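The structure appears right after this line, and notes come after that.
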Amino acid sequence: MKPSLDDIDNKILALLMDNARLPVTTIAKQVDIARTTVIARINALEKRGVIAGYGLKLNQEMFQPAVRAYVGLSVEARYAAGLMKYLQQLPEVETLCAVSGAIDYMLTLRCATTEVLDRLLDQIGALDGVRQTSTSIILSKRIDRGAL
């Protein structure tokens, strides 16, 4: 069952997603509730499993300079399992999501250079069952609430 969240819970979660180390007093001021209420709300969100944990967010430029790209894949269904197995072994693959719409999968790649990205896209495009690929290079992140 999906837990119900009110506006205050959603505001607290949005602040924590932007900065999980944000002081409780700062959250209380921004949400306009008491500090002890913020503590109680966060504890309740943790107990209910809404907050599954806290992680480290790396500075991507310092951690690993890279070219990142979104790749849409159209795939023949009978080749999907083999494709996923192949992509799983590639260190450049950050995410692979099944999606609805004109494409079947959305892939996020991280490569050291555009030359490496180009070679990898050629390899993926040549795999059995890959009908079409569509690539967009990520220029910048405007909003980032992810762990990485």
Side-chain angles (χ1 to χ4, degrees), residues 1-24 26-31 38-39 41-148:
M1 181 198 300
K2 186 177 176 183
S4 63
L5 303 174
D6 63 14
D7 287 342
I8 292 173
D9 288 336
N10 286 322
K11 287 177 185 177
I12 291 170
L13 289 171
L15 290 168
L16 289 174
M17 284 189 288
D18 285 338
N19 181 1
R21 295 185 64 175
L22 199 62
V24 172
T26 304
I27 295 170
K29 287 177 186 172
Q30 290 189 21
V31 179
V38 171
I39 293 169
R41 291 263 186 159
I42 291 172
N43 287 336
L45 291 166
E46 290 170 346
K47 286 180 184 172
R48 291 169 42 203
V50 175
I51 297 175
Y54 299 88
L56 177 67
K57 189 173 191 175
L58 299 173
N59 179 327
Q60 293 304 316
E61 285 87 33
M62 294 179 73
F63 170 66
Q64 180 182 357
V67 176
R68 295 180 68 231
Y70 295 123
V71 182
L73 300 172
S74 294
V75 179
E76 292 178 40
R78 64 187 169 126
Y79 292 99
L83 174 69
M84 282 186 259
K85 190 173 185 177
Y86 175 78
L87 293 174
Q88 180 71 38
Q89 71 180 350
L90 297 176
E92 295 88 357
V93 172
E94 284 187 338
T95 62
L96 175 65
C97 302
V99 296
S100 64
I103 61 171
D104 302 302
Y105 297 97
M106 183 59 74
L107 177 65
T108 307
L109 297 175
R110 170 187 292 283
C111 299
T113 65
T114 55
E115 290 80 14
V116 172
L117 174 63
D118 188 39
R119 270 195 312 275
L120 189 56
L121 291 171
D122 286 344
Q123 290 171 7
I124 293 169
L127 293 172
D128 286 339
V130 175
R131 288 190 301 247
Q132 182 180 357
T133 65
S134 174
T135 304
S136 296
I137 292 177
I138 300 169
L139 301 176
S140 67
K141 289 183 182 179
R142 301 298 169 99
I143 298 173
D144 182 7
R145 292 187 175 133
L148 284 177

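Not measured: the values here are computed from a predicted model. Along the sequence shown, residues carry numbers from 1.
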Does any part of the side chain of [Y], heavy atoms only, come nearer than 4.5 Å to the side chain of [X], both counted from C-beta?
| X | Y | value |
| --- | --- | --- |
| Val130 | Tyr79 | no |
| Val116 | Val67 | no |
| Leu16 | Ile27 | yes |
| Leu13 | Leu45 | yes |
| Leu107 | Thr133 | no |
| Ile124 | Leu87 | yes |
| Leu73 | Asp104 | no |
| Val31 | Val38 | no |

Side chains of Arg142 and Ser140: is there a donor and an acceptor less than 3.5 Å apart?
yes
[X] [atom1] to [Y] [atom2] distance, which is reported to the nearest 0.5 Å:
| X | Y | atom1 | atom2 | value |
| --- | --- | --- | --- | --- |
| Ile12 | Asp7 | CD1 | CG | 11.0 Å |
| Glu92 | Arg119 | CD | CZ | 9.5 Å |
| Asp128 | Arg78 | CG | CZ | 8.5 Å |
| Ser74 | Gln132 | OG | CD | 5.0 Å |
| Arg41 | Ile51 | CZ | CD1 | 12.0 Å |
| Ile138 | Arg110 | CD1 | CZ | 8.5 Å |

Between Arg48 (side chain only) and Ser4 (backbone N and O only), is there a donor and an acceptor less than 3.5 Å apart?
yes
Kindly indicate, with the supporting measurements, whether the criterion side-chain contact (heavy atoms from CB on, under 4.5 Å) is fulfilled by Ile103 and Ser134.
CA-CA 9 Å; Ile103 61 171; Ser134 174; 5.6 Å; no
Decide yes or no on side-chain contact (heavy atoms from CB on, under 4.5 Å) for Gln88 and Val93, but give the supporting numbers first.
CA-CA 7 Å; Gln88 180 71 38; Val93 172; over 6 Å; no
State, to 0.1 Å, how close [X] and [Y] come at their nearest heavy-atom pair, and which atoms those are.
| X | Y | answer |
| --- | --- | --- |
| Gln30 | Leu15 | OE1-CD2, 2.9 Å |
| Ala80 | Tyr105 | CB-OH, 3.4 Å |
| Ile42 | Tyr54 | CG2-OH, 3.6 Å |

For the pair Asp118 and Thr113, evaluate side-chain contact (heavy atoms from CB on, under 4.5 Å) and give the outcome as yes or no after the intermediate values.
CA-CA 9 Å; Asp118 188 39; Thr113 65; over 6 Å; no
Does the side-chain contact (heavy atoms from CB on, under 4.5 Å) test come out yes or no for Leu117 and Ile137, once each step is laid out?
CA-CA 10 Å; Leu117 174 63; Ile137 292 177; 4.0 Å; yes
